[in-house]
Protein chains: 2
Amino acid sequence: MLSIEQLKHLFPDWETGLYEAVLEHAELKEAYAGEILLKKGQNIKSAMLVVEGTIKLYQEDEDGGEYFMYHLNPGEACAVTLVCNYHHEQSQVLAKAITDIKFLAIPVTYMEKWLNEFKSWHYFVIKTYRSRYEELLKTIHEVAFKNMDERLEFYIKKQVDQFGVTVKLTHQEIANDLNTSREVISRLLKKMEHNGWIKMNRNAFDWIKKQN
Amino acid sequence: MLSIEQLKHLFPDWETGLYEAVLEHAELKEAYAGEILLKKGQNIKSAMLVVEGTIKLYQEDEDGGEYFMYHLNPGEACAVTLVCNYHHEQSQVLAKAITDIKFLAIPVTYMEKWLNEFKSWHYFVIKTYRSRYEELLKTIHEVAFKNMDERLEFYIKKQVDQFGVTVKLTHQEIANDLNTSREVISRLLKKMEHNGWIKMNRNAFDWIKKQN
DNA sequence: ATTAAATTGTGATATTTATCACACCACCCA
DNA sequence: TGGGTGGTGTGATAAATATCACAATTTAAT
């Protein structure tokens, strides 16, 4: 299990009692890069708080499509699984580990109990919802108003914020995340290369566009 | 102002003290159908709780585009304006009254105070975020995966749930809400008419598609 | 080293949506 | 009663994206 110091570092705004409750009742789980942690329609039995690594959240279509929404990093929680006061909730999203990860799984029963006991848990839940709500708004803005070239740029910038200027993704992976086809991404990346925005390599490229 | 009975009817899960606090510190405001209540980039100075009428929430583009996300009805709150713990927040959305409305405006300072004082306020905020978060997920699902014909059907169904089977909107208004052009909507509605899904009138049409 | 698999490049074509142009119709109202 | 005005219908065309086909290249595997 984690030490209380590690918890404090990840979740600095919590009360002492909450750290203790988490240590007592949450399970520390692990998953490998590439594992699917949650699928659309799956029942939610525990909340996920990221301890180590990165999770990607997707909207998932009935027939195989995916649309990338946002990353979850250590100290953040998956809003979808914070089903306080709701029972038998089904997941509306797809969650994938994209690095090896560790996360805390908190059974739904405690999530509700803690709402009554810990003010800092209450704040944490609200903060989580608010920040994810804002991410979704950005996603809608992109997909509703922008053409693929701009959406690709937005997508790459999110990658760069997460992992640095070298984007280690194949064209196919990017196409999947944006729910388009590999050819479209290849052609758009080629155009970006011509414009001097990226420097291409195999299985990766560098984002070198100057801002402004 | 409202009576405490009216408040109880709108917000049945609140504590007595919260009703009193709202009566004391919230302002009851009115607006006419068509008025814009909140614009993208505008500073948020108070939360909006709907008392009467219906508000439409949009994602707003820099150059005039709109994308309809969801309706807010009496007893519901605008998640964007519930900026507990956040200061100087700017609105990411556009909110329009589409009927004459009444709403309670709660200054940000009290929203934060009440988080400490009233458990039911805390729950209300979380519930609001959760339900709006789910609406946004549905919106992303439509716009990311569906073609315009399916998005139009989804849109019409939301209208029907709100106002009944007679949809009193011009093709232009629908086109604006879906960020497309009037011609596209006209042609798709014509197709729906041929399929026997709708019965067209001037400035309105009836949704008569049988489910399944 | 040679084959197999994965990745990328690119033309051709189809589909979807956007845009332009203009006709027609219903309704209001001076 | 005869224009306006706003709403709708529809063809032609352009632009964006999807799909298909296949070549070329790099990496991985035996």
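Here is the naming used below: chain letters follow the sequence lines, and residue numbers restart at 1 for every chain. This one's a predicted model, so the numbers in the text were calculated from it and none came from an experiment.
- Rounding to whole angstrom units, NE2 of residue B:His194 and P of D:dT8 are separated by 16 Å.
- With DNA chain D read from its 5' end, the first of the two nearest nucleotides for A:Asn203 and A:Arg187 is the one closest to A:Arg187.
- Taking 4.0 Å as the cut-off between side-chain N and carboxylate O, B:Glu183 and B:Arg187 do not count as a salt-bridged pair.
- Taking the nucleotide of DNA chain D with the nearest heavy atom to each of A:Lys146 and B:Met200, the more 5' of the two is matched to B:Met200.
- Under 4.0 Å is where a charged nitrogen must lie from a carboxylate oxygen, and between B:Lys96 and B:Glu66 at least one such pair does.
- Remark: B:Glu60 does not engage B:Lys40 in a salt bridge, criterion side-chain N to carboxylate O under 4.0 Å.
- For the pair B:Phe145 CZ and D:dT17 P, the interatomic distance rounds to 17 Å; values are reported in whole Å.
- Put simply, CD on A:Glu150 is 15 Å from C1' on D:dT17, counting in whole angstrom units.
- Base engagement by A:Ser181 is indicated by at least one non-hydrogen atom pair under 4.0 Å involving a base atom.
- As rounded to whole Å, 17 Å separates atom P of C:dT16 from atom CG of B:Leu178.
- One atom, NE2 of A:His171, and another, C1' of D:dT26, lie 13 Å apart when rounded to the nearest Å.
- Applying the 4.0 Å criterion to OP1 and OP2 of C:dA18, one finds that B:Thr180 has a side-chain N or O inside that range.
- Listed nucleotides: D:dA21, D:dT10, C:dT17. Nearest to the side chain of B:Met148: C:dT17.
- Proximity of the aromatic rings of B:Tyr123 and A:His122 is defined here by a centroid distance below 6.0 angstrom, and this criterion is met.
- Taking only side-chain atoms of A:Arg202, from C-beta outward, the nucleotide of C:dT10, C:dT7, C:dT17 with the closest atom is C:dT7.
- One cannot find a donor-acceptor pair under 3.5 Å joining the base of D:dG6 and the side-chain atoms of B:Arg182.
- The CZ atom of A:Phe205 sits 16 Å away from the C1' atom of C:dG9 (whole-angstrom rounding).
- We find that CG of A:Asn201 is positioned 17 Å from P of D:dT25, with the value rounded to whole Å.
- Taking atom OH of B:Tyr67 as the reference point, atom P of C:dT17 lies 11 Å away to the nearest angstrom.
- In the set C:dT17, D:dG9, D:dA18, the nucleotide with an atom closest to the side chain of B:Lys190 is D:dG9.
- Of the charged side-chain nitrogens involved, at least one lies within less than 4.0 Å of a carboxylate oxygen, so that A:Asp177 and A:Lys56 count as a salt-bridged pair.
- No donor-acceptor contact under 3.5 Å links the side chain of B:Arg151 to the base of C:dT16.
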